[in-house]
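I have placed the structure first, in the form of structure tokens, so that the comments after it can refer back to it.
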Amino acid sequence: MSNAPGSPPLLSTAAMAVELTGITKRFGAFIANDGIDLAVRRGEIHAIIGENGAGKTTLMNILFGLLQPDEGSIRLNGEATVVADPAAAIKAGLGMVHQHFKLVPSLSVADNVFLGMEVRRHGLIDHAAQIARTQELSKRFGLHVDATERVGLLSVGIEQRIEILKVLVRGARTIILDEPTAVLTPQESRELFQTLRSFVAEGMTVIFISHHLEEVMEVSDTVTVLRNGRKVATRPTSELNKDELVRMMVGREVSFDRRPRAALHGDIVLDVKDLWARDDRRLPAVRGASFAVRSGEVVGIAGVAGNGQTELAEVLSGLRPASHGAAWLKGQDLTTLSPAAIRQAGLAHVPGDRMVRGVDRNASIAANTLMGRQHRAPWSQNGVLDWKAIAQNAGALIKSFDIRAQGAGDAVKRLSGGNIQKVVLAREFTNGADFLLIDQPTRGVDIGAQEAIHDEIMRQRAAGQAILLISVQLDELAALADRILVMFNGRIMGEVAGDDADEDRIGMMMAGVSQQLEPA
Amino acid sequence: MEILDKLINVALIAATLRTTAPILLVALGGSFTTKAGIFNIGLEGQMLAGAFFAVIGSIWTGSAFAGVACGVAAALAFALAFAVLVVTFRANEVVVGLALNILAGGTTISLMKAIFGTRGSIVGHGIVGLPKVQIPGAQALLGSWAPLISGFTPIVYIAFIAVPLLVLFYKRTQLGLYIRVVGEKPEAAEALGISITRVRYIASLLCGLLAGLAGAHLSLGYITMFTENMSSGRGFMAVAILIFSNGDPLKVLAGCLLFGFADAFSLRLQTFGFPSYLVLTVPYVVALTALFALSYRARPKVIRETLASMQKLLSVDRNSAPVDKNPQ
């Protein structure tokens with residue numbers, strides 16, 4: 001801000017509402033944003049798209065003052081600005097609707113909208129004035145909501161409208177929405193898009209974070225794609241198609257470093273029939289999935305993150321109830337069993353989020369290799385743990401799985417991501433299970449460990465295990481899978497044989513274009 | 001019929017209002033902390049300190065009102081200590097509350113010994129009790145029903161007037177609103193720049209103020225004396241009422257009236273020769289049963305969380321837990 005006090009204010013003719021230059025943000029060794037440039041024209045709907053972990057939210061948190069960049073600068077409406085905190089951002093005319101709503105359930109809609117800036121008369125809160133102003137704004141922008149209703153009684157979709165109203169009441173001219181449609185039904189999403197268009201019609205600017213291609217194509221004027229903390233491109237939406245977007249999001253360099261294999265397919269181990277499940281918002285996340293996995297076969301599940309893969313894995317491991325259908329593991333219907341009973345029936349599970357469901361990060365390697373079998377010999381005798389045997393067993397696993405650690409007593413949190421994952425594999429792959437459910441085995445794992453993990457999966461295949469491999473990395477699936485199923489929006493869009501995995505065809509299916517398979 | 005008439009009459013209702021007042025005040029005080037999201041188990045100690053220092057103040061100054069001020073100041077000191085430990089240093093609320101309760105009990109006993117050289121109780125020594133307010137014209141207006149509105153100490157009136165004031169406070173004032181927000185959704189308060197620490201301090205001190213008044217009512221109201229552990233669990237009853245009412249003033253009033261009525265009724269029963277130990281349990285049993293029956297379904301957060309964490313502890317081995325298949 002170079003203008004001296006008293007000098008005439010710069011005419012705000014800048015065409016750009018937001019300009020970010022060279023934004024870099026590191027969290028320890030991890031680079032969340034790596035030199036990102038972003039220019040958002042005034043009066044446009046600008047979508048920022050990328051996979052989970054691509055750096056979208058970090059970038060927007062920097063813009064809104066929730067995080068400070070390590071490098072780079074911000075210009076708002078043509079003026080260089082330091083956004084020290086959200087209050088400064090709000091003052092500069094920015095507003096942000098977060099993914100997680102911060103509303104008070106017992107208060108009315110109007111009270112929530114005006115919380116922190118109450119309209120007061122004679123020292124008391126003027127509820128009538130607040131209600132009137134809320135209703136006026138809600139009418140003007142098509143954000144239908146009853147201002148007197150208690151928030152606790154309302155649906156998530158309406159809660160989001162209230163968050164938008166909060167931003168409007170504070171005078172925002174540029175509105176950032178972080179994954180706004182993640183919590184909405186399709187109907188609500190369409191209504192939201194209309195509201196966003198009405199903002200633009202009034203000269204406001206909208207920045208819209210998403211990883212859903214269709215809605216980005218539908219509503220945005222310009223798209224910026226982020227991948228692994230870097231900007232891939234900024235392009236007018238009209239010049240793009242979904243297939244191109246997918247490739248920009250997931251990366252086009254798919255290496256076909258395919259593992260050699262012998263055909264081994266045996267009997268069907270897992271048989272999934274018309275399986276449906278709901279996500280945490282009670283919306284259908286898995287819609288009628290049917291497939292089978294045979295022993296000695298790796299079946300891959302591909303898809304842009306958030307298309308029902310997580311929910312599918314959770315249903316198969318007993319962590320989420322199925323709403324319909326069945327999944328037979330060697331004749332037992334998994335959907336009726338508890339997680340422990342499913343493991344008893346022959347499941348080994350390498351969970352997608354290893355720090356939450358894979359290990360106890362504060363416990364030792366030995367204790368982590370023990371989990372789930374602590375009541376069995378040789379780990380325990382007559383109901384008493386045999387720590388000597390446990391440590392011996394863990395020592396053997398450390399050797400055979402090449403876990404880089406000081407010893408079995410090491411706390412798991414001291415290991416690198418790849419070695420933590422090897423601890424999980426060591427436990428899960430030595431349980432004598434016939435069916436291995438492996439979710440994102442190499443997420444956040446260095447290349448060396450990736451190779452080792454892939455080797456181990458192939459060894460399990462050779463030993464005749466049935467393997468379901470869920471991954472967002474196409475090259476991983478192309479290297480390992482015998483067949484690749486592509487999930488989109490909870491459905492299995494089609495199947496590709498691993499031997500002729502074709503980036504274009506998989507990409508089309510990941511974007512929701514159904515592929516009719518010719519019988520081979 | 002004659003017995004029933006003797007049991008239930010105007011005097012009983014007046015007695016109910018009198019016995020309700022202290023627990024109502026302390027519970028309304030606790031309503032501030034409950035709404036602000038603090039589980040304040042230290043009400044009992046604040047009340048006891050209020051009762052003791054009200055007596056001391058009354059003896060020193062010869063004025064009942066100066067005595068009340070002393071009692072309130074002592075309760076505020078306890079409330080401040082509670083806030084410093086719980087809000088600033090984030091100590092466990094239950095541990096701090098219990099510790100302060102024990103401290104209050106011990107301090108009053110030691111000071112009694114040091115100052116008066118006695119144990120058990122302080123009687124006489126020139127304690128000045130609170131005057132009773134005679135409302136002019138009450139007799140003419142209500143005849144034999146006059147004791148229902150006239151002849152109470154000022155603190156009783158304060159207690160009952162505080163109920164509608166608190167309703168207004170939570171609904172129409174910024175501070176009241178912020179106290180609710182801080183308790184219900186601290187993230188929301190933080191995001192809007194409301195200082196959680198400040199709001200919780202204010203709530204704790206408001207709580208101390210009313211708890212101190214309640215204590216002063218115990219020792220300077222209808223009997224002018226202090227006895228060891230004179231609050232006799234009223235602070236804990238208030239905590240129970242708060243849990244079940246979630247701190248809503250009207251529900252607090254209802255719970256306290258129930259307790260006050262049972263208390264007054266049990267006193268009445270004693271005169272009929274029922275064994276006194278049994279009779280003294282009546283108010284607690286009645287109030288707890290009724291509260292539990294009333295609000296078992298609408299269990300508030302504190303209880304829900306306690307139950308949930310207990311369940312978590314108990315169900316480490318959930319191997320046998322069946323997974324329900326969710327119908328559409």
Side-chain angles (χ1 to χ4, degrees), chain A residues 64 66 85-87 90 96 98 100-108 111-112 114-127 130 151-152 163 166 170 276-278 282 284 315 317-326 333-344 372 374-375, chain B residues 31 34-37 164-196 198-199 245-251 298-302 304-305 311-312 315-328:
Chain A
F64 196 60
L66 286 162
D85 55 17
I90 291 168
M96 185 156 177
H98 297 271
H100 302 288
F101 303 149
K102 289 171 177 164
L103 298 173
V104 188
S106 77
L107 299 186
S108 75
D111 281 348
N112 266 290
F114 280 89
L115 193 59
M117 47 175 295
E118 293 78 8
V119 180
R120 283 192 289 175
R121 215 169 45 147
H122 312 308
L124 295 180
I125 295 168
D126 188 348
H127 289 294
Q130 293 188 0
V151 165
E163 287 286 358
K166 265 166 91 168
R170 284 163 177 75
W276 292 68
R278 289 164 183 270
R282 316 280 310 132
V315 171
S317 52
L319 298 168
R320 177 179 295 277
S323 48
H324 184 78
D333 184 359
L334 299 182
T335 61
T336 62
L337 300 178
S338 71
I342 292 177
R343 285 178 166 269
Q344 205 69 40
Q374 64 280 359
H375 46 274
Chain B
S31 142
T34 304
K35 287 281 189 200
L165 285 180
L166 249 69
V167 172
L168 188 75
F169 174 75
Y170 288 126
K171 265 217 176 101
R172 293 294 301 274
T173 69
Q174 204 177 35
L175 180 60
L177 193 69
Y178 287 1
I179 286 179
R180 286 168 64 191
V181 172
V182 161
E184 202 179 326
K185 199 93 187 205
E187 314 88 280
E190 219 166 10
L192 295 166
I194 300 169
S195 161
I196 296 176
R198 213 178 111 229
V199 169
S245 67
N246 205 12
D248 292 337
L250 289 176
K251 288 185 195 160
R299 284 166 295 182
K301 196 168 132 241
V302 181
R304 266 203 326 265
E305 280 174 358
Q311 252 164 18
K312 224 178 249 173
S315 67
V316 175
D317 180 66
R318 22 181 247 130
N319 294 6
S320 52
V323 170
D324 282 332
K325 222 172 145 173
N326 241 40
Q328 291 279 36

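In what follows, chains are A, B, ... by sequence order, proteins preceding strands, each numbered from 1.
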field: Which of A:Gln344, A:Lys102, A:His98 touches chain B most, by non-hydrogen pairs under 4.5 Å
entry: A:Lys102
query: Side chain, backbone, both or neither: which part of A:Pro284 has a non-hydrogen atom closer than 4.5 Å to chain B?
result: neither
- prompt: From A:Leu107 CG over to B:Arg180 CZ, what is the distance, rounded to the nearest 0.5 angstrom?
  reply: 5.0 Å
Test item: B:Arg172 and A:His127 side chains (from C-beta on) under 4.5 Å apart, heavy atoms: yes
Under 4.5 Å from a heavy atom of chain B, the part of A:Arg170 involved: side chain
- request: Could you grab the distance from atom CE of A:Met117 to atom CG of B:Leu192, nearest 0.5 Å is fine?
  value: 10.0 Å
message: Under 4.5 Å from any heavy atom of chain B, what part of A:Leu66 do you find: side chain, backbone, both or neither?
response: neither
field: Choice from B:Lys171, B:Gln174, B:Glu187 maximising heavy atom contacts with chain A below 4.5 Å
entry: B:Gln174
message: Which one wins on heavy-atom pair count under 4.5 Å against chain B: A:Ser106, A:Pro86, A:Ala87?
response: A:Ser106
query: Hey, which of B:Val182, B:Val181, B:Leu177 is the one that makes side chain to side chain contact (heavy atoms under 4.5 Å, CB included) with A:Val104?
result: B:Val181
- prompt: Shortest non-hydrogen contact from B:Lys185 to A:Phe101?
  reply: NZ-O, 4.0 Å
pair B:Thr173-A:Ile125: side-chain heavy atoms closer than 4.5 Å: no
